[in-house]
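Before any comments, here is the structure.
If you're wondering where the values come from, they're calculated on a predicted model, not measured in any experiment.
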Amino acid sequence: MFDSLQERFGEVLKGLRGQARLTEDNIKDTLREVRMALLEADVALPVVRGFVERVRERALGADVTKSLTPGQVLIKIVNDELTALMGESNEGLALNVQPPAVILMAGLQGSGKTTTTGKLARFLKERQGKKVMVVSTDVYRPAAIDQLESVAKDVGVDCFPSTSDQQPTAIAEGAVAAAKKQFKDVLIVDTAGRLAIDEAMMAEIQALEASLSPAETLFVVDSMTGQDAAKTAKAFHDALPLTGVILTKADGDARGGAALSIREVTGKPIKFLGTGERSTALEPFHPDRVASRILG
Ligand code: GDP
């Protein structure tokens with residue numbers, strides 16, 4: 001992720017290296033390039049505007065000491081602001097509730113919800129020693145139920161059986177009771193996705209949220225959809241009390257617009273990145289490390 005942005009920022013900031021001072025003119029030129037680079041990375045326009053404005057204000061007020069060149073000063077400001085944009089440090093899952101802690105997975109069809117449910121189950125089981133159960137409430141697509149069963153088998157966690165003639169909330173409530181009985185620490189609830197946001201889909205997931213009171217409600221989104229990802233995130237955020245975001249397919253996304261837009265648009269942290277199709281391809285998201293990587 002961020003390959004092209006890294007390249008562009010490298011060029012932009014290189015231009016400042018030879019300058020002795022930060023002037024209004026060279027700040028202006030640099031910020032024009034920064035703005036272009038962010039737009040090319042498919043960052044949402046209001047996010048670009050806010051970002052450039054914050055960098056401008058700080059750069060104009062910057063005290064350039066003898067030990068730092070103007071380029072270094074601006075790089076530091078851009079680095080700080082990129083980190084702040086994505087939420088400073090990693091935020092983990094807050095699962096410290098009466099078990100089973102429920103994780104509700106929300107998102108559009110094809111975003112990677114089911115794959116990510118498996119990855120997360122594996123992560124919690126292997127990295128945190130949790131006893132995990134998963135369940136599918138996608139009663140519209142029997143294939144989705146089969147897919148989750150196969151994913152669960154693959155990562156070695158129990159899958160609560162569901163059939164397409166049941167109500168999603170009834171399935172989820174049955175799964176909670178079973179998870180409790182079997183002393184599971186975590187229950188991950190995979191939900192139905194649609195190709196676009198619609199009222200029926202939102203009403204259904206709102207009903208699930210209300211009946212489950214999840215410890216985490218995670219929005220799963222394909223990072224390759226760029227600023228559309230931020231728009232979809234906003235729609236889900238308006239309908240549901242999201243607690244975090246998982247950005248999938250980061251391995252195929254060279255631009256990074258979604259990663260840079262989502263936090264600002266929803267106020268919710270990106271907690272994980274999906275970095276491939278395999279069940280191990282899930283990484284905690286660290287905004288500070290990502291910002292440093294963008295700046296090379
Ligand atoms: P769902 O409809 O939201 O449940 O989506 P799926 O879990 O079925 O995933 C849709 C497709 O995206 C599948 O082919 C997955 O293998 C693929 N996928 C999911 N996450 C990732 C990821 O992080 N990287 C890559 N390259 N592919 C992914």
Side-chain angles (χ1 to χ4, degrees), residues 1-14 16-17 22 27 30-65 67-94 218-219 221 223 226-227 229-230 233-234 237 242-248 250-251 253-275 282-296:
M1 214 177 10
F2 299 120
D3 294 350
S4 36
L5 199 56
Q6 191 180 356
E7 204 172 294
R8 285 294 305 269
F9 271 17
E11 277 167 30
V12 171
L13 297 168
K14 204 163 66 191
L16 271 180
R17 290 239 160 84
L22 271 184
I27 290 172
T30 307
L31 287 178
R32 190 181 310 119
E33 299 285 325
V34 164
R35 181 187 154 85
M36 289 287 291
L38 291 172
L39 288 174
E40 273 172 33
D42 206 16
V43 178
L45 187 57
V47 177
V48 176
R49 284 202 187 117
F51 181 84
V52 169
E53 199 39 50
R54 288 192 294 276
V55 173
R56 185 198 318 279
E57 273 168 27
R58 283 188 58 187
L60 288 173
D63 184 17
V64 183
T65 62
S67 56
L68 291 176
T69 65
Q72 286 168 325
V73 171
L74 211 52
I75 287 172
K76 179 165 183 334
I77 295 171
V78 171
N79 184 72
D80 289 352
E81 291 297 333
L82 278 176
T83 310
L85 191 61
M86 292 182 285
E88 306 293 344
S89 54
N90 172 253
E91 276 195 48
L93 298 174
L218 300 175
F219 174 62
V221 63
S223 62
Q227 58 173 313
K234 176 84 172 61
H237 175 251
L242 299 181
T243 56
V245 176
I246 300 185
L247 262 191
T248 62
D251 50 310
D253 171 33
R255 302 202 289 172
L260 289 169
S261 308
I262 278 181
R263 168 77 196 218
E264 179 111 334
V265 170
T266 64
K268 299 299 169 198
I270 297 170
K271 296 196 169 181
F272 290 93
L273 281 186
T275 55
L282 184 75
E283 294 174 10
F285 181 72
H286 290 276
D288 40 353
R289 293 184 204 163
V290 170
S292 313
R293 207 161 67 205
I294 293 175
L295 293 174

Atom pair CD1 (Ile294) and CG (Leu82), whose distance is rounded to the nearest 0.5 Å: 5.0 Å
Whether Ser261 side chain and Ala44 backbone form a donor-acceptor pair below 3.5 Å: yes
Contact check, side chains of Leu38 and Phe9, non-hydrogen atoms, under 4.5 Å: yes
Interatomic spacing from OG1 in Thr243 to CG in Leu218 - rounded to 0.5 Å: 5.0 Å
Approximate separation, where rounding is to 0.5 Å, of Thr30 OG1 and Arg56 CZ: 11.0 Å
Residues, nucleotides or ligands: over 12 heavy atoms within 6.0 Å of Glu53 CD: yes
Carboxylate-amine/guanidinium proximity below 4.0 Å for Glu91 and Arg263: yes
Check: Gly92 main-chain N/O paired with Lys271 side-chain donor or acceptor under 3.5 Å: yes
Least distance between heavy atoms, Phe2 atom then Ala259 atom: CZ-CB, 3.6 Å
From Ile77 atom CD1 to Ile27 atom CD1, the distance as rounded to the nearest 0.5 Å: 7.5 Å
Test log, rule side-chain contact (heavy atoms from CB on, under 4.5 Å), inputs Leu247 and Val221: CA-CA 5 Å; Leu247 262 191; Val221 63; 3.6 Å; yes
From CA spacing to verdict: side-chain contact (heavy atoms from CB on, under 4.5 Å), Phe219, Ile270: CA-CA 9 Å; Phe219 174 62; Ile270 297 170; over 6 Å; no
From CA spacing to verdict: salt bridge (Lys or Arg N to Asp or Glu O under 4.0 Å), Glu57, Arg54: CA-CA 5 Å; Glu57 273 168 27; Arg54 288 192 294 276; over 6 Å; no
Closest heavy-atom pair and its distance - Ala258, Ser223: CB-O, 3.7 Å
Exam field: side chain Thr248 to backbone Gly274, donor-acceptor pair closer than 3.5 Å: no
CA sep, side-chain torsions, deciding dist, call: Val78, Phe51, side-chain contact (heavy atoms from CB on, under 4.5 Å): CA-CA 9 Å; Val78 171; Phe51 181 84; 4.2 Å; yes
CG-CG distance between Leu5 and Asp42, expressed to the nearest 0.5 angstrom: 11.5 Å
Residue pair Leu295 / Ile75: nearest heavy atoms and the distance that separates them: CD1-O, 3.7 Å
Minimum heavy-atom distance Phe285-Met86, with the two atoms named: CZ-SD, 3.8 Å
Pair Arg8 + Glu33: basic N to acidic O under 4.0 Å: yes
Interatomic spacing from CG in Asp80 to CG in Leu85 - rounded to 0.5 Å: 12.5 Å
Working for side-chain contact (heavy atoms from CB on, under 4.5 Å), residues Val265 and Val47: CA-CA 8 Å; Val265 170; Val47 177; 4.0 Å; yes
Side-chain touch Glu88/Thr83, heavy atoms, less than 4.5 angstrom: yes
